[in-house]
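Order of the sequence lines fixes the chain letters, A, B, ..., with proteins taken first and strands second; residue numbering starts at 1 for each chain.
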Amino acid sequence: MKTTCEWKPEISKESGSFRYQRIKMMNNASSIWVEPRVNSSPHVGEFFLLKEKQMANKLNESMADEKLHKLRHSAAHVMAQAVLDLFPTAKFAIGPAIENGFYYDFDLPRPLSAEDLEQIESRMKEIIKQRHTFEKQVVSAEEAKQLFKDQPYKIELIEGLEQGGFDEHGDPIEEKPEISIYKSDTFIDLCRGPHVDHMGQINPKGFKLMSVAGAYWRGDEKRPMLQRIYGTAWSDPKDLKEYLWKIEEAKKRDHRRLGKDLDLFSINDEIGPGLILWHPKMGLMRKLAEHFCDEEHMKAGYDFVYTPHIGKASLWETSGHLGFYKENMYAPIEVDGQEYYLKPMNCPFHVHIYKSRIRSYKELPMRFAENGTVYRYERSGVLHGMLRVRGLTQDDAHHFCVPEQMPDEIDFVLNFSLHILRSFGFVDFNAYLSTRPEKFVGEVSRWEDAEEALELALQRADIPYQVDDGGGAFYGPKIDIKVKDALGREWQLSTIQFDFNLPERFDMTYVGEDGQTHRPYMIHRALLGAYERFFGTLIEHFGGAFPVWLSPVQAILIPIADRHNDYAHNVAEKMKAAGLRVQVDDRTDRMNAKIRDAQNQKIPYMLVIGDQEIEADSVAVRKRSGENLGAIETAAFIEMINNDIAEKK
RNA sequence: GCCCACAUAGCUCAGUCGGUAGAGCACAUUCUUGGUAAGAAUGAGGUCAUGGGUUCAAGUCCCAUUGUGGGCUCCA
């Protein structure tokens, strides 16, 4: 976090095990409980049973995790041996187990190809067959350096170990860790372990090399670029199959794929990378989403504001953005000898609305909301469809309040956030509370009050959360909310952040009951995050089959023959009058083809019309799930679909 | 930004050893008027991302540029 109010959502790359260790588990038993789905809330007795079961599962999972971890790390060693067989001059970096598998970084004389991967994989299978054992040996730093004298990366690691190590929370520890090596067959690696006992425990049908990619040594772009081979490994070949299936499924749901297939959005070279064109269908959906959110914000007591897209350099100097965020800002525009910057954030503008006159404590809390379009320079390599873009519209708001109001304000904004997310069909949440880092601005007491308020709000909201101690931005603690999608992937959407920096920098005040000026609390929040990213997530979550209330076309009328067209158009008019979005497919194609097209367009309802339906003033209803509901009277169908819409199904 | 790969019709892709471009789908026209996932025929559609170079000749080989994809703090 480099900035005063940087809160751009990151693509979730579910944390690997080591990252996890750094996050202290603060959940009490009840917060492990995930919000029950609608219509399935258990009664009290069941509730505790379920909770126990879940905790037991968690325990089993972590034991299984450890076994898998050993397996994967061992597979990484076998892979390294196979690579060494092919490239005797290879230099080795690191090869940890990660979620779903493992990787190993190498410095090789030439780039790897797909054929190389195949060759490495079959060599690995040969090595595994020989069931070599993994033997650990503790050595001195001198011995280790001698052993790895031709391996510069290993030498660097050994020197790092000599300096002292880190405990599993990432904190430095006093005593030096022991240096150990593992030997398996002809391969010796500097390694902390642990490993499986012997290679027989690695199922040759349970792993697969996936890809090769560039990766900087120690993640530092100033250091050499290595070649990283990714692999996946499982104890049961069935798990591997399932994992590969999941990858296939994810590909089908890829929002870039569906964006083309369903004509939702495009990105045009001539316009520029990371800039989204919203096509009519998704434009309509966005309009509906904005409308819904506007209504909810209005009910909840937000004020709407609109602010410009550019501001003078001095504004961004005051806010600190030119100091901390400049590399993410578009270059300035010069007008009348003044420099203007495209806004990367909305906060300074909202602050100035607040500051446009003297504020009294009686006016607070204030909540300024704006769908603010901002531009951020993202490095070309990180752009990704709608999920990582350069121009985006945040559903942004800033709350200003007096200290006594702050806990209620946090409670309110957290619940409001969950309400909005649930309305869009998300049911599983994970929250991350990030607290005061080493470098920070503001008073410690304010930090502590804010952190306490955030944590209590999380407990009251009864959603699972983890605390990332010291992981907050320098300007304030925050809650990030991640949602789990249909495939169990996590996406960060909402964020609620305190800001102790901007009120100082802009000298924001209010006059209190005592007639003195005081500093207000300032809270940033975005619920959907950004419309671009949110819709990318929605597309993947629903696989393009949006809920009826959002679907651009809610029902399509399919006349069987030309003589049914007039009746179909009649029904369509009735439905439109009832507020539905319907179309008539009166092309000359056969009914089967029309159904197929509608199905591919993932239209929720297909209404087939033939002689029988005209006779009975009905429509034959087919859902996109393939379910055939048979003939339903037109009026009854309108009522049915309106119920779906009212319930946001 | 960096590493690797890729860029051919609206989409998905083929194009052999360098010899002036192909399929399926989609689209248009015509025929077909049908009961729950593709009826048929015909037709139109391409400066092979852009700019250089090599060559008698470049979609194909080389270089650069632009864009896209997979990666790039999970510590031995």
Side-chain angles (χ1 to χ4, degrees), chain A residues 13-22 73 76-77 92-99 102-105 110-114 144 148 151 153-161 165-166 170 177 179-182 189-193 210-230 254 256-257 260-261 263 266-270 272-274 327 377-385 558-565 588-600 606-613 620-624 626-631:
Chain A
K13 288 185 220 158
E14 303 185 13
S15 322
S17 50
F18 290 102
R19 172 76 180 146
Y20 251 70
Q21 286 167 354
R22 286 194 178 191
H73 189 46
H77 275 229
F92 295 82
I94 56 166
I98 53 171
E99 181 168 35
F102 58 92
Y103 68 78
Y104 212 120
D105 288 344
R110 65 167 174 86
L112 289 169
S113 65
F148 294 104
Q151 293 289 344
Y153 302 104
K154 295 294 176 190
I155 296 285
E156 190 178 323
L157 291 170
I158 294 163
E159 281 164 358
L161 289 172
F166 297 88
I179 295 176
S180 57
I181 56 171
Y182 271 82
D189 201 358
L190 180 73
C191 179
R192 182 173 59 187
M210 302 299 286
S211 61
V212 50
Y216 297 106
W217 167 234
R218 304 212 130 171
D220 183 345
E221 62 188 288
K222 292 192 184 68
R223 312 203 61 181
M225 175 68 71
L226 307 173
Q227 296 194 65
R228 173 173 298 180
I229 303 177
Y230 280 97
D254 190 313
R256 294 163 301 183
R257 171 85 263 135
K260 246 180 214 162
D261 289 349
D263 192 15
S266 59
I267 299 168
N268 184 289
D269 286 0
E270 198 174 8
E327 59 185 34
Y377 173 75
E378 297 279 2
R379 296 198 295 175
S380 60
V382 306
L383 298 174
H384 182 86
I558 300 179
I560 291 175
D562 283 353
R563 64 176 182 281
H564 308 126
N565 283 355
T588 59
D589 285 294
R590 294 189 52 202
M591 180 203 66
N592 281 339
K594 294 179 184 179
I595 287 177
R596 183 169 191 271
D597 286 349
Q599 196 80 46
N600 286 336
M606 283 152 262
L607 310 176
V608 175
I609 286 168
D611 295 333
Q612 296 160 32
E613 285 72 28
V621 181
R622 180 198 160 99
K623 294 170 102 172
R624 64 186 159 196
E627 194 185 352
N628 196 337
L629 302 183

Quiz item: Say you draw a straight line from CE of A:Met210 to CZ of A:Phe102; how long is it, rounded to the nearest 0.5 Å?
Solution: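 A:Met210 CE to A:Phe102 CZ: 10.5 Å, rounded to 0.5 Å.
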
To the nearest angstrom, how far is [X] atom [atom1] from [N] atom [atom2]?
{"X": "A:Arg223", "N": "B:C3", "atom1": "CZ", "atom2": "P", "answer": "17 Å"}
{"X": "A:Trp217", "N": "B:G71", "atom1": "CH2", "atom2": "C1'", "answer": "17 Å"}
{"X": "A:Leu157", "N": "B:C74", "atom1": "CG", "atom2": "P", "answer": "11 Å"}
{"X": "A:Met225", "N": "B:C72", "atom1": "CE", "atom2": "P", "answer": "11 Å"}
{"X": "A:Arg192", "N": "B:C74", "atom1": "CZ", "atom2": "C1'", "answer": "12 Å"}
{"X": "A:Ile98", "N": "B:C74", "atom1": "CD1", "atom2": "P", "answer": "10 Å"}

Practice problem: Show your working on side-chain contact (heavy atoms from CB on, under 4.5 Å) between A:Arg228 and A:Leu226 and close with a plain yes or no. | Solution: CA-CA 6 Å; A:Arg228 173 173 298 180; A:Leu226 307 173; over 6 Å; no

Exercise. Quick one, give me the B/S/- string for nucleotides 26-39 of chain B, reading 5' to 3', where B means a protein heavy atom under 4.0 Å from the base and S means that only happens at the primed atoms, P, OP1 or OP2.
Key: -S----BBBBBBBB

Any-strand Watson-Crick or G-U partner of [N], both distances under 3.5 Å:
{"N": "B:G45", "answer": "none"}
{"N": "B:G10", "answer": "B:C25"}
{"N": "B:A76", "answer": "none"}
{"N": "B:U54", "answer": "none"}
{"N": "B:A40", "answer": "B:U30"}
{"N": "B:A5", "answer": "B:U68"}

Measuring only between side-chain heavy atoms, which start at C-beta, is [X] closer than 4.5 Å to [Y]?
{"X": "A:Pro96", "Y": "A:Tyr103", "result": "yes"}
{"X": "A:Leu607", "Y": "A:Val621", "result": "yes"}
{"X": "A:Gln599", "Y": "A:Arg624", "result": "yes"}
{"X": "A:His564", "Y": "A:Asp611", "result": "yes"}
{"X": "A:Val608", "Y": "A:Ile595", "result": "yes"}
{"X": "A:Glu156", "Y": "A:Arg223", "result": "yes"}

Could you tell me whether [X] contacts a base, only the sugar-phosphate backbone, or nothing, with contacts defined as non-hydrogen atoms closer than 4.0 Å?
{"X": "A:Ser180", "result": "base"}
{"X": "A:Arg228", "result": "sugar-phosphate"}
{"X": "A:Tyr230", "result": "sugar-phosphate"}

I'd like a table of atom pairs between the protein and nucleotides 4-13 of chain B - only N or O on both sides, under 3.5 Å - with the distance next to each one.
from	atom 1	to	atom 2	distance (Å)
B:U12	OP1	A:Lys260	NZ	3.4

Which atom pairs link the protein and nucleotides 67-69 of chain B when you take only N or O atoms and keep those under 3.5 Å?
from	atom 1	to	atom 2	distance (Å)
B:G67	O2'	A:Asp269	OD1	3.0
B:G69	OP1	A:Arg256	NH1	3.1
B:G69	O3'	A:Arg256	NH1	3.3

Distance between the [atom1] atoms of [N] and [M], in whole angstroms?
{"N": "B:A40", "M": "B:G45", "atom1": "P", "value": "24 Å"}
{"N": "B:C27", "M": "B:C11", "atom1": "C1'", "value": "12 Å"}
{"N": "B:G18", "M": "B:C25", "atom1": "P", "value": "33 Å"}
{"N": "B:C62", "M": "B:C17", "atom1": "P", "value": "14 Å"}
{"N": "B:G70", "M": "B:U65", "atom1": "P", "value": "22 Å"}
{"N": "B:G24", "M": "B:A14", "atom1": "C1'", "value": "11 Å"}
{"N": "B:U16", "M": "B:U60", "atom1": "C1'", "value": "11 Å"}
{"N": "B:G46", "M": "B:U8", "atom1": "P", "value": "15 Å"}

Quiz item: Ignoring hydrogens and angles, are the base of B:G1 and the side chain of A:Tyr216 linked by a donor-acceptor pair under 3.5 Å?
Solution: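 Indeed, a donor on one side and an acceptor on the other fall under 3.5 Å apart.
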
Practice problem: Please determine if A:Asp220 and A:Arg218 form a salt bridge, counting it only when a charged side-chain N lies under 4.0 Å from a carboxylate O. | Solution: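 Salt bridge: no.
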
Does any N or O in the side chain of [X] come within less than 3.5 Å of the main-chain N or O of [Y], such that one atom is a donor and the other an acceptor?
{"X": "A:Lys594", "Y": "A:Pro559", "answer": "yes"}
{"X": "A:Lys623", "Y": "A:Asn628", "answer": "no"}
{"X": "A:Gln227", "Y": "A:Leu112", "answer": "yes"}

Practice problem: Go through the steps for A:Phe92 and A:Tyr153 under the test ring pair (Phe, Tyr, Trp, His ring centres under 6.0 Å), then give the verdict. | Solution: CA-CA 7 Å; A:Phe92 295 82; A:Tyr153 302 104; 9.6 Å; no

Practice problem: Could you walk me through whether A:Leu157 and A:Phe148 pass side-chain contact (heavy atoms from CB on, under 4.5 Å), step by step? | Solution: CA-CA 11 Å; A:Leu157 291 170; A:Phe148 294 104; over 6 Å; no

Quiz item: Any side-chain N or O of A:Arg218 less than 4.0 Å from the OP1 or OP2 oxygen of B:U73?
Solution: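 So the side-chain polar atoms of A:Arg218 never come under 4.0 Å of the phosphate oxygens OP1 or OP2 of B:U73.
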
Practice problem: May I ask you to evaluate whether A:Tyr103 reaches the phosphate of B:C72, defined as a side-chain N or O under 4.0 Å from OP1 or OP2? | Solution: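 Checking A:Tyr103 against B:C72: no side-chain N or O falls below 4.0 Å of OP1 or OP2.
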
